[in-house]
Amino acid sequence: RRAWMGRTLSVFSRPFATKAAGGTSDNSKDSAGRRLGVKRFGGARVIPGQILVRQRGTKFHPGVNVGMGRDHTLYSRIEGKVKFSRTMRPSVKKWGKKKRMFVNVLPLEEYFEFPKEIVEDMVDTRKRLKEHHLEWKARTRKEFEEKREQAKKEKEEYLEMKKTDRERRVEEFKKRMAAKQ
């Protein structure tokens with residue numbers, strides 16, 4: 001015990017604080033972003049060893065002519081163009097149970113090459129669509145003309161009816177005036 005201005009204080013007692021204590025923050029530290037994501041998009045020209053995707057885990061899987069590093073970085077193995085696909089090769093529909101996004105690098109000559117059947121089918125489909133559109137256009141034009149004629153007839157009938165109705169009322173009015181006189 002100590003004596004302080006005539007009072008005895010225990011070692012554990014203190015005078016009241018005149019200012020509130022400042023709290024500490026546990027969440028104040030932060031680190032810089034890791035710059036993850038797709039670095040070369042579909043259709044981009046790449047050279048061997050160029051990084052295509054930086055990622056944690058395998059959001060994107062390596063496809064044709066693409067390698068994967070220890071940290072799951074995808075890189076090009078050949079010179080070509082990047083192509084993203086839901087399958088590893090066009091003939092494979094699913095890979096395991098889930099559909100996966102694959103990154104492929106196709107050689108430049110292969111990138112622009114379409115199989116002959118696909119090109120013929122595309123041309124045929126386009127012709128059929130054009131014929132169908134022209135038929136539809138003619139049919140709708142004919143229907144439009146028929147509706148216009150029908151509306152014209154209905155308007156003429158209505159005006160005729162209105163005219164005869166007016167004439168009838170005028171004659172009735174004349175009769176009433178004649179009856180009053």
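Please read these numbers as outputs of a predicted model, since none were measured by experiment. Index from 1, following the sequence.
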*Asks:* Will you find, in the side chains of N65 and S76, an N or O donor that is under 3.5 Å from an N or O acceptor?
*Replies:* no
*Asks:* For the backbone of G33 and the side chain of R35, can you confirm whether one donor and one acceptor N or O come within less than 3.5 Å of each other?
*Replies:* yes
*Asks:* Which value, rounded to the nearest 0.5 Å, describes the distance between T58 atom OG1 and M101 atom CE?
*Replies:* 13.0 Å
*Asks:* What residues, two or more places apart in sequence or in another chain, satisfy side-chain hydrogen bond (donor to acceptor under 3.5 Å, both in side chains) together with D165?
*Replies:* R168
*Asks:* Could you report the tightest heavy-atom contact between I51 and K39, atom names first, then the distance?
*Replies:* O-CB, 3.7 Å
*Asks:* F84 vs F60 aromatic rings, parallel, tilted or perpendicular, using cut-offs 30° and 60°?
*Replies:* perpendicular
*Asks:* Going from CD on E149 to CZ on F144, what distance comes out if it is rounded to the nearest 0.5 angstrom?
*Replies:* 10.5 Å
*Asks:* Can you see whether E146 engages Q150 through a side-chain donor-acceptor pair at a distance of less than 3.5 angstrom?
*Replies:* no
*Asks:* Contact between E160 and T164 at the side-chain level, heavy atoms closer than 4.5 Å - yes or no?
*Replies:* yes
*Asks:* Please report the shortest heavy-atom distance between Q50 and R45, naming the atom on each side.
*Replies:* OE1-O, 4.2 Å
*Asks:* Determine the minimum heavy-atom distance between Q55 and K59, stating which atoms define it.
*Replies:* OE1-N, 3.2 Å
*Asks:* Counting N and O atoms only, with roles assigned by atom type, does the side chain of R34 sit under 3.5 Å from a partner on the main chain of A32, one being a donor and the other an acceptor?
*Replies:* yes
*Asks:* Just jot down the side chain to side chain contact (heavy atoms under 4.5 Å, CB included) partners of H133, sequence neighbours excluded, or say none.
*Replies:* W136, K137
